[in-house]
*Asks:* 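So that we are looking at the same thing, I have put the structure below in structure tokens.
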Amino acid sequence: MKKKGPKEGDVRISKDWPLLAGKLAGVLSEMTEDQFLIIQVKNSSRFVQFAAQGSHGMRAEISSNAYLSVSDRLTDRQVAGLVKTGWEAPTGSPSESTPENDPDGSPNFFIDFPAPLKPSRIARQAVQALSEILRIPHPGFLEYEAFESNGKVLHFPSLGVKRIVKEEKANLKKTETNLLYIVREITGIGDLEYDKDGDIALRYGSITMYVSIIGNPPLIRFYSPLVKDVRGTQRLHARLNELNSGVGFMHFFIRDKVIFAISEISAASLQYGTVAESMGRFSAIADGVDEMLEFEFGGKTLRLANAESAMVH
């Protein structure tokens, strides 16, 4: 008899996710008041975090779009999935939902688990969100950091997830500073800064370009929204696949009816010439592709007069 495959819409997850849930439950049971655990997706700004609150229980949070870059943003379906499975929706923006202004709310998705804690339930809730809703393929895509409110670093080797080392964060900060200096030199715009998403946003040529540092080892990421209000038809996906096979250093994809271009290069040897050449090539190709896709598939090209936190080049 022919084995039946999964039905359309089924979510298949790695066998290692339940194992992580068990390890996470053990770690959560060890945490005491004013201790924090942040599990982050590698090369991404997505995270789930846990704050131990003693007799008040534990709060778990998942990053909302207020803290995510464009390429990491949650889709409407993922947002609905989090709410459906018990996560409270953000109660305001980061500036609105501060502990002082909104002590019981959060700018992230959140759940308050009362004491006495049931660590297994908390762990299952978090792992379900990571694997079934955010669709992280495997626990190996995760890394963590843990600390007390006074800054003392905590180690949880039993979690079985790579720990983020502070020295790596310091090196990343230095790389980000160097990249900002180089982009300022290339564009001649001395007051460029990183925005709240961790991007240097600017208009380069006739496109809006976002430049950032991601990952470990670090990569320089360039991306640009090209065309909005586009239907994700089979013909469009075939066209994007054709472009991706023809332009090796760039990738084109559609998310939430917006077509994006993205490219990444190593930041190991951060030099003016390498960044300038990459920005020029990216801009030249994206500038032609956006109009072509608009002509072929409709929608509207995204050429902003002023990108957020940037000047026009």
Side-chain angles (χ1 to χ4, degrees), residues 11 13 38-49 60-83 85 87 89-90 93-94 97 106-110 126-145 161-162 164 168-169 172-173 175-176 179 193-202 207-228 230 232 240 244 250-265 267 282 286 302 307-310:
V11 176
I13 66 171
I38 302 174
I39 300 177
Q40 185 170 319
V41 181
K42 294 176 181 177
N43 301 330
S44 169
S45 47
R46 292 185 177 188
F47 64 82
V48 57
Q49 63 185 14
E61 295 191 344
I62 288 180
S63 47
S64 72
N65 284 337
Y67 293 102
L68 298 178
S69 64
V70 173
S71 58
D72 282 334
R73 287 178 67 86
L74 305 179
T75 65
D76 292 342
R77 184 173 182 177
Q78 288 172 325
V79 168
L82 289 173
V83 173
T85 54
W87 294 87
S93 67
S97 292
S106 173
N108 290 310
F109 295 90
F110 67 99
V127 166
Q128 179 190 31
L130 291 169
S131 60
E132 298 182 18
I133 299 174
L134 301 187
R135 305 302 297 273
I136 310 304
H138 187 272
F141 285 77
L142 304 176
E143 56 189 356
Y144 85 94
E145 64 176 321
V161 172
K162 179 182 177 183
I164 300 173
E168 293 175 351
K169 281 198 163 186
L172 178 60
K173 187 65 177 178
T175 303
E176 289 175 341
L179 176 63
E193 294 290 348
Y194 286 98
D195 63 20
K196 65 180 182 180
D197 294 325
D199 298 309
I200 306 169
L202 68 153
I207 67 167
T208 300
M209 179 186 295
Y210 298 85
V211 186
S212 61
I213 294 288
I214 63 162
N216 182 32
L219 298 171
I220 304 172
R221 171 179 285 178
F222 310 93
Y223 73 91
S224 175
L226 301 181
V227 189
K228 67 177 182 179
V230 183
L240 296 180
N244 291 335
M250 290 178 67
H251 180 73
F252 301 90
F253 65 96
I254 182 170
R255 174 177 291 174
D256 294 334
K257 297 184 178 181
V258 178
I259 298 174
F260 293 88
I262 191 167
S263 179
E264 295 169 356
I265 63 172
F282 184 94
L302 285 160
E308 184 181 352
S309 78

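Count residues from 1 along the sequence.
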*Asks:* Looking only at heavy atoms, which two atoms of I213 and A267 are closest? And how far apart?
*Replies:*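 Residues I213 and A267, closest heavy atoms: CD1-CB, 4.1 Å.
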
*Asks:* Within the 4.5 Å heavy-atom criterion, are L74 and L68 side-chain neighbours or not?
*Replies:*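 The answer is yes, as the side chains (C-beta and beyond) meet within the 4.5 Å cut-off.
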
*Asks:* Using every non-hydrogen atom in the two residues, find where F282 and M209 come nearest and quote the distance to one decimal.
*Replies:*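 Shortest heavy-atom contact: CD2-CE, 3.7 Å.
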
*Asks:* Rounded at 0.5 Å granularity, tell me how far CD1 in I259 sits from CG in L226.
*Replies:*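 Here the interatomic distance stands at 7.0 Å.
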
*Asks:* Tell me, please, which residues at least two apart from Y223 pass ring-ring contact (aromatic ring centres under 6.0 Å, His included).
*Replies:*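 Counting only residues at least two positions away or on another chain, Y223 forms a ring-ring contact (aromatic ring centres under 6.0 Å, His included) with Y210.
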
*Asks:* Mind listing the closest non-hydrogen atom pair of V83 and A89 along with its distance?
*Replies:*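 Closest pair (atom of V83, atom of A89, distance): CG2-CB, 4.3 Å.
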
*Asks:* Indicate yes or no for a side-chain donor-acceptor contact from Q78 to the backbone of I133 under 3.5 Å, with no hydrogens or angles considered.
*Replies:*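 Checked: pair present.
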
*Asks:* Who are the side chain to side chain contact (heavy atoms under 4.5 Å, CB included) partners of K228, not counting sequence neighbours?
*Replies:*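 For K228, the residues satisfying side chain to side chain contact (heavy atoms under 4.5 Å, CB included) (neighbours in sequence not counted) are V258, K300, L302.
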
*Asks:* Test of understanding: with side chain to side chain donor-acceptor pair (under 3.5 Å), list the residues that count as partners of T85, not counting sequence neighbours.
*Replies:*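 For T85 there are no side chain to side chain donor-acceptor pair (under 3.5 Å) partners, ignoring immediate neighbours.
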
*Asks:* If you apply the rule side chain to side chain contact (heavy atoms under 4.5 Å, CB included), what do you find for I164 with I38, and how did you get there?
*Replies:* CA-CA 10 Å; I164 300 173; I38 302 174; over 6 Å; no

*Asks:* Not counting sequence neighbours, which residues clear side chain to side chain contact (heavy atoms under 4.5 Å, CB included) with S106? List them please.
*Replies:*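 Testing S106 for side chain to side chain contact (heavy atoms under 4.5 Å, CB included), a comparison that skips the adjacent residues, returns R59, E61, N108, F110.
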
*Asks:* For S44, enumerate each residue passing the side chain to side chain donor-acceptor pair (under 3.5 Å) test, keeping only those at least two apart in sequence or located in another chain.
*Replies:*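 Partners of S44 by the side chain to side chain donor-acceptor pair (under 3.5 Å) criterion, ordered by chain and then number, come out as D72.
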
*Asks:* Would you call L134 and V48 a side-chain contact if the rule is heavy atoms closer than 4.5 Å?
*Replies:*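 No, too far: nothing below the 4.5 Å cut-off.
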
*Asks:* Are the side chains of F141 and N43 in contact, using a 4.5 Å heavy-atom criterion?
*Replies:*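 N43 vs F141: side chains apart.
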
*Asks:* For Q128, enumerate each residue passing the side chain to side chain donor-acceptor pair (under 3.5 Å) test, keeping only those at least two apart in sequence or located in another chain.
*Replies:*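 In terms of side chain to side chain donor-acceptor pair (under 3.5 Å), with neighbours along the sequence ignored, Q128 is linked to no residue.
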
*Asks:* Quick one: list whatever passes side chain to side chain contact (heavy atoms under 4.5 Å, CB included) with A66, sequence neighbours left out.
*Replies:*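 Listed in chain order: S64, P94.
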
*Asks:* Using the test salt bridge (Lys or Arg N to Asp or Glu O under 4.0 Å), find all partners of R46 that sit at least two apart in sequence or belong to another chain.
*Replies:*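 So R46 forms no salt bridge (Lys or Arg N to Asp or Glu O under 4.0 Å) with any residue.
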
*Asks:* Write down the atom of P90, the atom of P107, and the distance for their closest heavy-atom approach.
*Replies:*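 Looking at all heavy atoms of both residues, the shortest contact is CB-O, 3.3 Å.
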
*Asks:* Could you work out, with side chain to side chain contact (heavy atoms under 4.5 Å, CB included) as the rule, every residue matching D256, not counting sequence neighbours?
*Replies:*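 Residues passing side chain to side chain contact (heavy atoms under 4.5 Å, CB included) with D256: T75.
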
*Asks:* Got a sec, which residues hit ring-ring contact (aromatic ring centres under 6.0 Å, His included) with F253, two or more places apart in sequence or on another chain?
*Replies:*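 With sequence neighbours excluded, F253 shows a ring-ring contact (aromatic ring centres under 6.0 Å, His included) to F260, given in chain and number order.
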
*Asks:* Do you know which two heavy atoms are closest between Y194 and I200, and how far apart they sit?
*Replies:*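 Shortest heavy-atom contact: CE2-CG1, 3.5 Å.
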
